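Presented below is the structure to which this report refers.
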Amino acid sequence: MSPHMLRAALCAGPIALVALNAAGAHEIVGNRFFPATLAIDDPGVNDELAFPTVAISKNGDDPSAKQLDISGEFSKRITEDFAVSFGSAWSRIYAPGGPNMTGANGFQNLDTNFKYRVFKNAEHEFVMSVGLSIEWGGSGAQDVGAERFTVYTPTLYFGKGFGDLPSSMGWARPFAITGQVGYAIPSSRSTTSADPDTGDVNTEFHPQVLVWGASLQYSLPYLKSAVVDLGLPDFFNHLIPLVEASLQTPVANTFSSGMVTTGTINPGVIWVGQYYQVGVEAMIPVNRQSGTNVGAIAQLHLFLDDIFPNSIGRPIFSDAIASGRPMFGNKP
Amino acid sequence: MSRFSVVMTMLAALLLPAAAQAHATLDHASPLVGSTVVSAPKEVVLWFTENLEPAFSSIEVHNAQGIAVQSGKAQVSGGTQLHVPLKSLPPGTYTVNWRVLSVDTHRTQGDFTFTVGK
């Protein structure tokens with residue numbers, strides 16, 4: 001879940017919708033490689049750096065404004081199964097109405113995410129993690145919508161590959177799904193402000209928001225290494241076409257926000273190499289409140305555990321063999 | 001942590017000297033993954049993307065009844081190539097299970113099938 005998307009859902013006013021900082025961790029479970037998805041976080045726990053993530057869209061404000069976001073996230077494993085990540089984004093909002101209006105730019109709030117992998121099963125290509133994301137209120141610029149209150153989002157993540165389907169369904173085995181369900185809780189129920197011109201007092205209520213999303217992936221690397229080697233050009237053997245859905249639904253304290261679900265559907269593709277991956281997706285708003293045009297997002301994602309296996313890329317506290325990924329059999 | 005610290009950490013991650021070794025993943029195999037071969041192969045050969053630790057890298061090949069059909073221990077050659085000799089294989093479908101440890105101690109595993117035709 002991007003902080004911006006969550007922020008949009010938390011706002012009582014017009015909704016800005018841009019996917020940022022959704023650089024989840026890549027993960028290997030048995031035969032399956034789960035890439036880091038762009039719009040939602042995924043179940044992986046790893047050492048990695050997603051930088052830059054660049055997104056451009058027209059948000060759901062009325063009138064709609066074009067918004068450019070450049071973000072990064074750094075994730076560090078403390079143990080084999082527990083990681084902490086830090087991220088933020090710089091936003092440029094182009095004011096509607098032409099060059100006479102100046103727009104705004106600045107950093108969004110800093111985000112910290114704690115994630116713990118609770119289960120991993122190689123045979124069934126299944127992994128599940130739990131996490132707590134904290135968006136630190138007041139650490140960003142209010143001009144670009146960074147809130148003054150902190151938001152806590154406990155989240156459940158999962159990933160499931162279909163490699164355990166029978167061999168008669170071999171062509172379906174490269175499919176995988178990932179998903180997340182979180183509940184965003186603002187530290188403040190409302191904000192009261194006075195209009196400097198009229199003196200009117202306005203109260204904006206900050207809703208609690210269900211943050212949910214999923215991805216459906218088809219892994220050509222999996223097809224080649226575990227199902228059938230078609231002899232495709234090497235470039236294609238690194239591709240994972242996917243569709244992501246990143247959604248948020250206000251469910252409590254919704255006096256200002258209403259309960260309309262907002263979000264985007266993101267078709268795209270990820271190219272996976274040995275040390276990094278590159279992803280690009282379209283961002284299709286699910287309704288007017290989510291945006292007015294199809295946006296785009298692209299990301300470079302570095303696998304620090306592979307680039308720096310003996311230093312920054314391994315857990316601070318690890319076994320003698322620094323697998324970082326307990327892939328031999330099931331986890332206890 | 002301040003934003004400045006985050007940025008510095010990111011830069012440090014990019015600039016630190018790299019001992020670039022990654023997870024060893026299967027690049028290709030002989031017989032080809034998912035293929036049907038006319039004559040029974042005498043060995044299975046796997047090519048990986050990284051150098052392997054021989055002591056912790058293995059191949060097992062089973063027939064449809066789950067009986068092992070390899071005739072020896074898997075050997076590493078050329079750093080990235082892992083091969084295992086096979087018994088004489090009658091027509092049928094065989095499953096190759098591999099587990100390897102790359103030299104930077106990353107573990108990976110996988111499996112695939114091939115068929116010996118009649």
Side-chain angles (χ1 to χ4, degrees), chain A residues 28 30-33 47-51 72-74 76 84 86-88 107 110 112 122 136 139-140 163 167 170 221-231 234 237 272-275 302-314 318-329, chain B residues 1-36 46-50 53 55-58 64 93-115:
Chain A
I28 297 177
N31 266 342
R32 177 70 52 180
F33 172 84
D47 297 286
E48 53 203 348
L49 174 67
F51 183 80
E73 184 182 53
F74 171 69
K76 178 67 200 145
V84 181
F86 304 92
S88 188
F107 277 95
L110 179 68
T112 304
W136 300 100
S139 58
S167 57
Y222 192 100
L223 180 70
K224 182 193 177 191
S225 66
V227 181
V228 59
D229 186 347
L230 298 174
D234 190 54
N237 288 323
V272 179
Q274 282 291 98
Y275 304 104
L302 305 175
F303 307 147
L304 298 184
D305 61 323
D306 288 324
I307 300 173
F308 308 104
N310 300 312
S311 56
I312 196 171
R314 62 185 300 168
S318 65
D319 297 337
I321 292 180
S323 72
R325 298 168 178 173
M327 286 176 289
F328 281 31
Chain B
M1 177 179 281
S2 69
R3 184 173 299 116
F4 177 79
S5 300
V6 173
V7 172
M8 288 299 103
T9 304
M10 291 177 173
L11 288 176
L14 287 173
L15 297 176
L16 280 173
Q21 297 287 344
H23 287 77
T25 56
L26 181 63
D27 185 70
H28 63 284
S30 175
L32 286 173
V33 172
S35 65
T36 297
L46 309 181
W47 285 265
F48 288 89
T49 55
E50 300 292 337
E53 285 287 353
F56 297 98
S57 300
S58 65
T93 298
Y94 297 87
T95 301
V96 178
N97 293 283
W98 57 265
R99 293 182 173 187
V100 300
L101 183 71
S102 64
V103 293
D104 71 341
T105 70
H106 281 126
R107 296 164 168 170
T108 45
Q109 69 180 77
D111 61 79
F112 65 89
T113 63
F114 69 88
T115 300

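Every chain is numbered from 1 and lettered A, B, ... according to where its sequence line falls, protein lines coming before strand lines. Here the structure is a predicted model, which is why all the values come from computation and not from measurement. Quick note: numbers below take in every heavy atom, side chains included, and nothing from hydrogens, waters or symmetry partners.
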- Message: Whether the side chain of A:N31 engages the backbone of B:D111 through a donor-acceptor N/O pair (distance < 3.5 Å, no angle test) should be reported.
- Response: yes

- Task: To the nearest 0.5 angstrom, please state how far the CD atom of B:E50 sits from the CG atom of A:D306.
- Result: 7.5 Å

Please output the side-chain donor-acceptor pairs of residues 222-231 of chain A that fall under 3.5 Å, not counting sequence neighbours, one pair per line with the distance.
{"unit_1": "A:Y222", "atom_1": "OH", "unit_2": "A:E125", "atom_2": "OE2", "d": "2.6"}
{"unit_1": "A:K224", "atom_1": "NZ", "unit_2": "B:D27", "atom_2": "O", "d": "2.6"}
{"unit_1": "A:S225", "atom_1": "OG", "unit_2": "A:P221", "atom_2": "O", "d": "3.0"}
{"unit_1": "A:D229", "atom_1": "OD1", "unit_2": "A:G231", "atom_2": "N", "d": "3.0"}

- Task: Report the residues that fulfil side-chain contact (heavy atoms from CB on, under 4.5 Å) with A:S167, sequence neighbours left out, ordered by chain and then residue number.
- Result: none

- Smallest heavy-atom separation, B:H23 atom then A:Q274 atom, equals O-NE2, 3.0 Å

- Against chain A, work out which of B:T93, B:T49, B:L32, B:L26 has the most heavy-atom pairs shorter than 4.5 Å and name it. B:T49

